[in-house]
Amino acid sequence: MHSQLAPQKLTAVLVGLGHRARTYGAYAFEHPEELEIVGLADPDPRRLEHTATVFDVPPERCFRSAEELAMQPRFADAAINGTMDRQHVPTTLPLLEAGYHVLLEKPIAPNQKELLSLLHMVRKTGRTLMICHVLRYAPFYAAIRQRVRDGEIGEIISITSSERVSYHHMAVAFVRGKWRRRAENPILLAKCCHDLDLLCWYKSGVRPVRVASHGDLTYFRPDKAPPGAGTRCLVDCQIEAGCPYSARKNYIEQGLWGFYAWESLEHLENPTLDDRLESLRTDNPFGRCVWHCDNDVVDHQSVIVEFADGCVATHTLVGGAARPCRTVHLVGTRGEIEGVMEEGRFTIRKPDARPGHEYTEEQVDVNVVGSMHGGGDLRLVGDFLRVLRGEPPSLSTTTIEDSIYGHLIAYAADQSMLEHRVVDIQIIS
Ligand SMILES: NC(=O)c1ccc[n+]([C@@H]2O[C@H](COP(=O)([O-])OP(=O)(O)OC[C@H]3O[C@@H](n4cnc5c(N)ncnc54)[C@H](O)[C@@H]3O)[C@@H](O)[C@H]2O)c1
């Protein structure tokens with residue numbers, strides 16, 4: 001009888017202690033034999049103190065920034081970097097130089113120049129940098145990728161995909177929230193770098209060459225405000241009771257998006273209902289009317305990508321949908337795959353030459369768990385640790401070289417949309 005050897009235990013530092021880093025850190029609780037969180041870094045003293053308690057990290061292993069951490073002799077195998085989008089490159093460069101392998105949140109970088117600086121640092125240091133392309137780990141996409149790799153539908157010649165962001169998600173992140181300004185966080189890069197990565201993943205080995213894109217902000221702007229709308233839901237709005245975007249409805253009654261909406265109350269241990277209402281009435285940015293914010297990211301954008309073999313992929317992002325979902329339709333030379341991630345199944349159809357038959361149809365059910373990204377978040381951490389232990393990469397493993405093409409599409413798409421022209425994608429060697 002074979003005895004199963006315990007996997008080598010690795011240590012990591014959590015950097016940027018928002019909800020993303022803490023979500024990944026939770027892997028250490030589920031698999032203490034594989035991962036221990038031994039250090040923390042964040043300029044916010046409350047987050048640092050709270051997370052130190054949760055993960056039982058001593059004060060001498062708590063730092064005020066990634067940069068300060070990187071100045072100390074390295075004391076862990078890896079860093080899990082959950083800082084905000086704009087800090088990904090400046091915080092990851094010193095961590096790689098200090099010798100940490102890094103699991104980095106998406107998007108990798110806001111522009112091609114910074115992206116390439118990170119790629120060069122990875123090559124110089126020989127460290128592993130894995131990007132949190134969590135959808136590769138969602139069973140729905142992993143199963144589709146497996147079928148494509150097995151050649152079931154032949155060579156892919158056309159891809160149509162969409163991400164429909166719900167009205168309340170659009171409001172909390174891209175109208176009232178942290179990703180509302182194009183100059184800091186363009187929405188296609190922030191929201192769809194996953195989807196653009198999936199396009200490149202389906203087409204592994206074939207590079208994207210040209211991109212065109214159109215999009216606009218048409219709804220979440222002052223001239224579209226319904227009669228009676230105010231500037232803050234709970235202060236001067238006459239239609240709050242019937243408005244789907246009401247801050248009271250979204251963040252109190254429905255209890256949605258608490259980790260964003262109540263960030264300004266993090267200093268209170270147990271905020272009361274009155275604390276929350278007062279905050280929405282006064283200085284909480286999530287109490288603002290969705291038609292009277294300072295948002296300028298588009299609320300819909302479509303991207304057309306041409307690959308080197310002539311395959312064309314179209315991805316559409318739309319914000320404000322009643323039902324959030326991601327859809328995909330791949331057409332290959334021998335068949336097609338179609339599905340909606342949230343429904344937990346996809347269909348494979350193939351032309352059928354038998355008399356009286358038009359096509360065969362196979363329905364594939366995949367396990368959809370309730371957690372974010374189809375359960376991909378923690379599977380990604382597990383895969384990162386496997387790669388660090390030197391085990392064979394999984395189907396979903398993404399190297400930095402793999403991950404950059406989805407981002408290059410996003411940069412090119414925004415340039416195309418703003419300049420009204422087709423943009424070529426540079427070859428990165
Ligand atoms: N993979 C996904 O699907 C997914 C989903 C949501 C968000 N994200 C990404 O996750 C990232 C984090 O999002 P969040 O909402 O958890 O962010 P957050 O703002 O809540 O947390 C970021 C933390 O980084 C800290 N920080 C700032 N500068 C730092 C520095 N120099 N060194 C160390 N820490 C520093 C901040 O104090 C803050 O606590 C973002 O880039 C976001 O786009 C990814």
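Since this is a predicted model, take the numbers as computed values, not measurements. Values below: every heavy atom of this structure, side chains too, minus hydrogens, waters and symmetry copies. Sequence positions, counted from 1, serve as the residue numbers for this chain. Order of appearance sets the numbers: ligands from 1, and atoms from 1 within every ligand.
- In Phe259, neither the side chain nor the backbone holds a heavy atom less than 4.0 Å from any atom of ligand 1.
- Distances from ligand 1 to the non-hydrogen atoms of Arg22 include no value under 4.0 Å.
- Within the 4.0 Å heavy-atom criterion, both parts of Thr83, backbone and side chain, lie near ligand 1.
- Between Tyr202 and Tyr141, the ring-plane angle classifies as tilted under the 30° and 60° cut-offs.
- Geometric assessment of Arg276 against the ring of Trp262 yields a positive cation-pi assignment under the 6.0 Å and 45° thresholds.
- We find that Lys249 and Glu253 are not joined by a salt bridge, their nearest charged nitrogen and carboxylate oxygen being 4.0 Å or further apart.
- For atom 39 (O) of ligand 1, the nearest non-hydrogen atom from the set Asn185, Asp42, Asp44 comes from Asp42.
- In terms of polar-atom proximity, Met84 is not counted as a contact of ligand 1, lacking any N or O under 3.5 Å from an N or O of the ligand.
- Between Glu263 and ligand 1, a contact under 3.5 Å exists for no N or O pair.
- Ionic pairing of Glu163 and Lys191 is present here: one or more N-O contacts between side-chain nitrogen and carboxylate oxygen are shorter than 4.0 angstrom.
- The backbone N or O of Ser394 sits nowhere less than 3.5 Å from a side-chain atom of Arg386 that would complete a donor-acceptor pair.
- In summary, the side chains of Asn81 and Thr83 do present a donor paired with an acceptor at a separation below 3.5 Å, with no hydrogens or angles considered.
- Ion pairing between a basic and an acidic side chain is recognised when a charged N comes within 4.0 Å of a carboxylate O; Asp197 and Arg136 show such pairing.
- Taking any N or O of Tyr260, backbone or side chain, none lies under 3.5 Å from an N or O belonging to ligand 1.
- Polar contact with ligand 1: present for His88 (N/O pair, distance under 3.5 Å).
- For ligand 1, the polar-atom distance check finds no N/O of Arg64 at less than 3.5 Å from any of the ligand's N/O atoms.
- Geometrically, Arg61 engages Phe75 in a cation-pi contact, judged by NZ or CZ lying under 6.0 Å from the ring centre and within 45° of the ring axis.
- Polar contact check, Lys178 against ligand 1: a nitrogen or oxygen pair lies under 3.5 Å apart.
- For the ligand labelled ligand 1, residue Phe63 lies outside the 4.0 Å heavy-atom shell.
- The distance criterion of under 3.5 Å between nitrogen or oxygen atoms is met by Asp85 with respect to ligand 1.
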